[in-house]
Amino acid sequence: MKTNSLYFRIRFLVCCLLFLSGDNKLHANGKSRLEILLRQLDQVIENEDIYNEQKESRIENIKSALHNRSLSRENRYIIYQSLTKEYETYICDSARLYAHKCADIARQLKNNAWMEESKLIIAGINAKA
């Protein structure tokens, strides 16, 4: 099990939230909801490397589509948008990069809907960072 400060902060936050919600009833197996959730949280944290590998694999599969030199700008926009979504909860700087690439293509195509969508996505990423 990984022992880092983020792990302990997450566990502490979960404990506080459940305590404040008053949801500390015992279940049929004699364990509280808190104990069950903390065990699930521990399993998720232990599998962090697996989740990261899966994320990286999805990103590489999407990026491989960019190697096609005959991609239209519309298709390139869609690929960049997919990369933005994959990176959004993973690496904010990369999400921001691909969101800006979407905005650039939207401007080149003079597609107002895509320009507005790109602005909203960039604003959301900046708010999370």
Side-chain angles (χ1 to χ4, degrees):
M1 180 183 314
K2 295 186 178 188
T3 56
N4 60 35
S5 62
L6 179 60
Y7 168 76
F8 290 111
R9 283 189 226 155
I10 292 171
R11 279 186 63 104
F12 179 74
L13 181 62
V14 169
C15 290
C16 290
L17 290 174
L18 286 172
F19 179 76
L20 292 173
S21 73
D23 190 4
N24 54 6
K25 300 173 192 155
L26 290 180
H27 290 263
N29 62 5
K31 294 184 180 177
S32 71
R33 179 165 167 80
L34 175 61
E35 289 174 304
I36 292 168
L37 289 174
L38 288 175
R39 183 166 291 126
Q40 289 173 342
L41 177 62
D42 288 342
Q43 288 173 341
V44 168
I45 291 171
E46 284 178 20
N47 293 326
E48 177 187 11
D49 292 337
I50 294 169
Y51 300 136
N52 284 338
E53 287 173 19
Q54 292 171 346
K55 176 67 88 174
E56 288 290 335
S57 177
R58 283 193 306 273
I59 289 169
E60 288 307 314
N61 285 337
I62 296 168
K63 282 182 176 181
S64 69
L66 291 171
H67 298 306
N68 182 351
R69 296 197 187 276
S70 63
L71 272 178
S72 67
R73 282 190 264 179
E74 290 85 355
N75 286 337
R76 195 167 291 277
Y77 175 89
I78 292 166
I79 293 168
Y80 288 153
Q81 190 177 45
S82 295
L83 286 167
T84 301
K85 287 178 184 173
E86 283 296 328
Y87 275 120
E88 203 166 5
T89 58
Y90 190 52
I91 302 173
C92 265
D93 289 344
S94 295
R96 188 178 297 114
L97 170 76
Y98 287 108
H100 281 286
K101 288 184 179 204
C102 285
D104 291 342
I105 290 174
R107 273 191 292 280
Q108 291 168 6
L109 295 173
K110 296 179 176 48
N111 186 321
N112 290 330
W114 283 1
M115 282 191 270
E116 292 304 315
E117 182 180 34
S118 297
K119 288 177 188 177
L120 288 172
I121 291 169
I122 292 167
I125 293 168
N126 288 337
K128 291 176 190 174

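Sequential numbering from 1 along the given sequence is applied to the chain's residues. Side chains are part of it too, since the values below use all heavy atoms of this structure and drop only hydrogens, waters and symmetry mates.
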Undergrad: Using 0.5 Å steps for rounding, measure from the CG atom of Leu37 to the CG atom of Asp42.
TA: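 One gets 11.0 Å once the value is rounded to the nearest 0.5 Å.
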Undergrad: What I'd like to find out is whether the side chain of Lys101 reaches to under 4.5 Å of the side chain of Thr84, using heavy atoms alone.
TA: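 No. Closest side-chain heavy atoms not under 4.5 Å.
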Undergrad: Linking I/L/V/M/F/W/Y whenever any side-chain heavy atoms sit under 4.5 Å apart, do Ile91 and Leu83 land together?
TA: yes
Undergrad: So how far is it from Glu74 CD to Asn111 CG, rounded to the nearest 0.5 Å?
TA: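 Answer for the CD-CG pair, Glu74 versus Asn111, is 8.5 Å.
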Undergrad: Report the C-alpha distance between Glu116 and Lys119 in whole Å, list the side-chain angles of each, state the deciding distance to 0.1 Å, and finish with yes or no for salt bridge (charged side-chain N to carboxylate O under 4.0 Å, His left out).
TA: CA-CA 5 Å; Glu116 292 304 315; Lys119 288 177 188 177; 3.6 Å; yes
Undergrad: Taking atom NE2 of His100 and atom CD1 of Ile122, what is their separation to the nearest 0.5 Å?
TA: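 Here the interatomic distance stands at 4.0 Å.
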Undergrad: Within the 4.5 Å heavy-atom criterion, are Glu60 and Ser57 side-chain neighbours or not?
TA: no
Undergrad: Could you grab the distance from atom CZ of Arg58 to atom OH of Tyr87, nearest 0.5 Å is fine?
TA: 11.5 Å
Undergrad: Under a 4.0 Å threshold between the charged nitrogen and the carboxylate oxygen, would Asp93 count as salt-bridged to Arg96?
TA: yes
Undergrad: How are the rings of Tyr80 and Tyr98 set to each other: parallel, tilted or perpendicular (split at 30° and 60°)?
TA: tilted
Undergrad: About how many Å separate CZ of Arg76 and CG of Leu71, when rounded to the nearest 0.5 Å?
TA: 5.0 Å
Undergrad: One pair to check against salt bridge (charged side-chain N to carboxylate O under 4.0 Å, His left out): Arg107 and Asp104. What are the steps and the verdict?
TA: CA-CA 5 Å; Arg107 273 191 292 280; Asp104 291 342; 2.6 Å; yes
Undergrad: For Lys85, I'd like to know if atom NZ has over 12 heavy atoms of other residues, nucleotides or ligands within 6.0 Å.
TA: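 Not more than 12 within 6.0 Å, no.
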Undergrad: Could you measure the distance from the CE atom of Met115 to the CG atom of Leu109? Nearest 0.5 Å is fine.
TA: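 Reported to 0.5 Å precision, the distance equals 9.0 Å.
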Undergrad: At their closest point, which heavy atom of Cys92 faces which heavy atom of Ile125, and how far apart are they?
TA: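 For Cys92 versus Ile125, the nearest heavy atoms are O-CG2, 3.9 Å.
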Undergrad: Are Ile105 and Leu66 linked, directly or through intermediate hydrophobic residues, by side-chain heavy-atom contacts shorter than 4.5 Å (ILVMFWY only)?
TA: yes
Undergrad: Is it possible for you to say whether Ile121 and Ile79 belong to one hydrophobic cluster, with membership spreading through side-chain heavy-atom contacts below 4.5 Å?
TA: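 They do not share one cluster, since no chain of ILVMFWY contacts under 4.5 Å joins Ile121 to Ile79.
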